[in-house]
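A quick write-up on the structure given underneath.
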Amino acid sequence: MRAVILSLIVAIEFIYYLLIAQTGIVEYFNSDMSIIFWLPLGGVVGTFAVILLKGSYKNKLFLAIFLQTLITLSYPHLSSLELFLLGLSVGASAPLIIRMLQGYSVWVIVPALMISYVSGTMLFTSDVANRGILGLFLSVSFLIMLYFVDTKEEKRAISLSYLTIFTMSIWVFLDSALFETLSRDAVLSIWRDGYSIEIALFHTVGVVFAYFFHKSFKHSNRLITLLFAISYLSYFAKNGILLSAVYPFVISYYNVVILTTLIKERAFGKIVFAMALIGWGASGVGLMVALNALLSLVGIVLALSAVFVLIYSLIELRIWQRWSIKAL
């Protein structure tokens with residue numbers, strides 16, 4: 001039962017991030033970086049400051065979400081200080097939630113991502129100025145459910161390489177750059193063009209596929225690179241149908257890989273570093289790419305990377321086939 005509740009609170013905070021912190025704030029302030037800059041700044045500070053706070057992970061998480069609840073009362077009319085404090089609370093909660101997931105089955109992640117992505121997709125077109133009640137409901141629900149969840153010790157924890165963390169940040173950057181560009185595109189915006197059902201469906205398929213077929217980080221990296229290349233190609237070709245299938249699929253897939261990888265990390269400090277780089281650094285750079293209309297440059301680099309991955313995979317497959325024949 002506690003695992004079910006944990007899955008729900010993960011979904012709740014992810015929905016809050018998607019609809020309030022990520023799209024709500026940015027859209028309400030018309031992508032004015034001089035204003036919304038305070039949100040990611042607070043996010044970075046909050047992510048690292050959580051290490052300095054005394055108390056259990058659960059108590060720290062309660063304080064972070066309680067602050068989030070207080071700031072949400074003023075949404076969307078937030079001052080620079082309130083934006084900073086909102087970023088502080090969201091930034092602090094991310095690594096703490098990762099820590100809470102340790103010791104629980106990976107199945108906790110699957111329904112959490114399904115619920116959050118389907119809900120986020122269906123509510124994406126809602127008026128950002130009227131999401132305050134939703135944000136307040138999500139935050140209060142989180143606080144109530146948190147009472148029934150306990151942390152567990154992960155006995156099989158490992159130490160992740162910084163290359164792995166950097167690779168995951170590249171995925172988030174590619175996602176953020178395309179998402180922020182799409183959400184501002186007057187010609188093709190799959191969420192506003194009637195593809196909500198398809199997007200929700202392929203988000204779900206991506207989560208399930210990742211759970212059952214994610215075998216190794218290396219092979220997942222190749223698949224994610226190729227799928228992002230197809231997503232970018234679909235966008236440049238203005239193919240909404242293909243984009244609404246491949247793009248949500250790869251988003252869900254790589255998020256399952258990220259979460260299932262990070263919950264294995266035994267050092268909380270490295271989790272904090274990863275969330276700062278992934279959650280704020282990579283997504284922030286992606287937003288800047290979108291605002292400066294540099295997606296084409298990113299697409300070219302991604303296409304070259306995809307070609308390299310494809311050639312390397314074919315060569316590796318041929319070597320494996322030759323080795324198998326000799327072994328026989």
Side-chain angles (χ1 to χ4, degrees), residues 2-15 17-18 47 57 61 93-120 149-176 202-228 246-283:
R2 290 179 178 179
V4 173
I5 296 175
L6 178 58
S7 184
L8 287 175
I9 66 175
V10 171
I12 285 172
E13 186 60 12
F14 206 0
I15 294 170
Y17 176 78
L18 290 171
T47 303
Y57 294 110
L61 186 56
S93 65
L96 291 170
I97 289 176
I98 295 295
R99 178 59 186 83
M100 292 284 288
L101 285 169
Q102 289 186 339
Y104 285 89
S105 169
V106 177
W107 259 110
V108 171
I109 297 173
V110 173
L113 289 179
M114 285 183 180
I115 294 170
S116 58
Y117 276 125
V118 171
S119 300
V149 177
D150 292 323
T151 56
K152 294 183 178 182
E153 292 297 326
E154 176 55 66
K155 298 180 180 179
R156 296 176 298 171
I158 61 175
S159 179
L160 301 176
S161 69
Y162 285 99
L163 178 60
T164 297
I165 296 173
F166 177 74
T167 300
M168 293 188 292
S169 70
I170 294 296
W171 301 342
V172 175
F173 163 70
L174 293 172
D175 180 12
S176 178
F202 281 97
H203 268 309
T204 303
V205 173
V207 171
V208 175
F209 185 88
Y211 177 78
F212 285 106
F213 297 101
H214 163 53
K215 300 300 182 183
S216 70
F217 189 88
K218 180 177 70 173
H219 290 115
S220 289
N221 184 31
R222 296 179 189 176
L223 177 59
I224 289 168
T225 301
L226 292 173
L227 290 175
F228 264 123
V246 180
Y247 182 44
F249 180 94
V250 68
I251 292 175
S252 295
Y253 185 94
Y254 88 72
N255 271 291
V256 171
V257 176
I258 286 179
L259 288 176
T260 55
T261 302
L262 287 180
I263 62 175
K264 298 175 184 177
E265 173 57 50
R266 62 171 172 256
F268 185 65
K270 190 173 285 188
I271 294 176
V272 166
F273 171 77
M275 294 312 298
L277 182 63
I278 294 171
W280 299 104
S283 59

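If you read the sequence from its start, that first residue is 1, and numbering goes on from there.
With values rounded to the nearest 0.5 angstrom, Met168 atom CE is found 11.0 Å from Asn255 atom CG. One distance of note links CG of Leu262 with CD of Gln102; it measures 9.5 Å at 0.5 Å rounding. Distance check: Leu223 CG to Phe213 CZ gives 11.5 Å after rounding to the nearest 0.5 Å. Considering CG of Asp175 and CD1 of Ile224, their distance stands at 10.5 Å, rounded to 0.5 Å. One finds the OH atom of Tyr117 at 11.5 Å from the OG1 atom of Thr204 (value rounded to the nearest 0.5 Å). Thr167 contributes atom OG1, which lies 5.0 Å from atom CZ of Phe217 (distance to the nearest 0.5 angstrom).
Looking only at side-chain heavy atoms (C-beta outward), Tyr104 and Val10 stay at 4.5 Å or farther from each other. Counting only heavy atoms from C-beta outward, the side chains of Glu265 and Thr164 never approach each other to under 4.5 Å. Within the 4.5 Å cutoff, no side-chain heavy atoms of Val110 are placed close to those of Val256.
Distance alone, capped at 3.5 Å, is enough to place a donor-acceptor pair between the Ser7 side chain and the Val108 backbone. For Ser93 (side chain) and Leu61 (main-chain N/O), no donor-acceptor pair under 3.5 Å exists by modelled atom type. Side-chain atoms of His203 come within 3.5 Å of backbone N or O of Pro248 as a donor-acceptor pair. With hydrogens and angles ignored, the 3.5 Å screen pairs no side-chain donor or acceptor of Lys270 with any backbone N or O of Ser159. Here the side chain of Ser119 pairs no donor or acceptor atom with the backbone of Ser116 at under 3.5 angstrom. Side-chain N or O atoms of Ser176 include none that pairs as donor or acceptor with a backbone N or O of Val172 at under 3.5 Å.
The two residues Thr260 and Ile109 come nearest to each other via the heavy atoms CG2-CD1, 3.9 Å. Closest approach of Pro95 to Val272, counting heavy atoms only: CB-CG2, 4.0 Å. Considering every non-hydrogen atom in both Ala112 and Ala11, the closest pair reads O-CB, 3.4 Å.
Classification of the Trp280-Tyr17 ring pair by plane angle, with boundaries at 30° and 60°, yields perpendicular. In this pair, Tyr162 and Phe273 present their aromatic rings perpendicular. The plane angle is above 60°, beyond the 30 to 60° band.
For the 3.5 Å distance criterion, the side chains of Tyr253 and Ser220 qualify, holding a donor opposite an acceptor. Using modelled atom types and a 3.5 Å distance limit, the side chains of Asn221 and Trp171 yield a donor-acceptor pair.
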Given side chain to side chain contact (heavy atoms under 4.5 Å, CB included), test Tyr211 with Trp107 step by step and report yes or no. CA-CA 8 Å; Tyr211 177 78; Trp107 259 110; 2.7 Å; yes
Let me see the working for Leu8 and Ile115 under side chain to side chain contact (heavy atoms under 4.5 Å, CB included), right down to the final yes or no. CA-CA 8 Å; Leu8 287 175; Ile115 294 170; 4.0 Å; yes
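Just one of Ile98, Leu96, Ile165 meets the side-chain contact (heavy atoms from CB on, under 4.5 Å) condition when paired with Ile271; it is Ile98.
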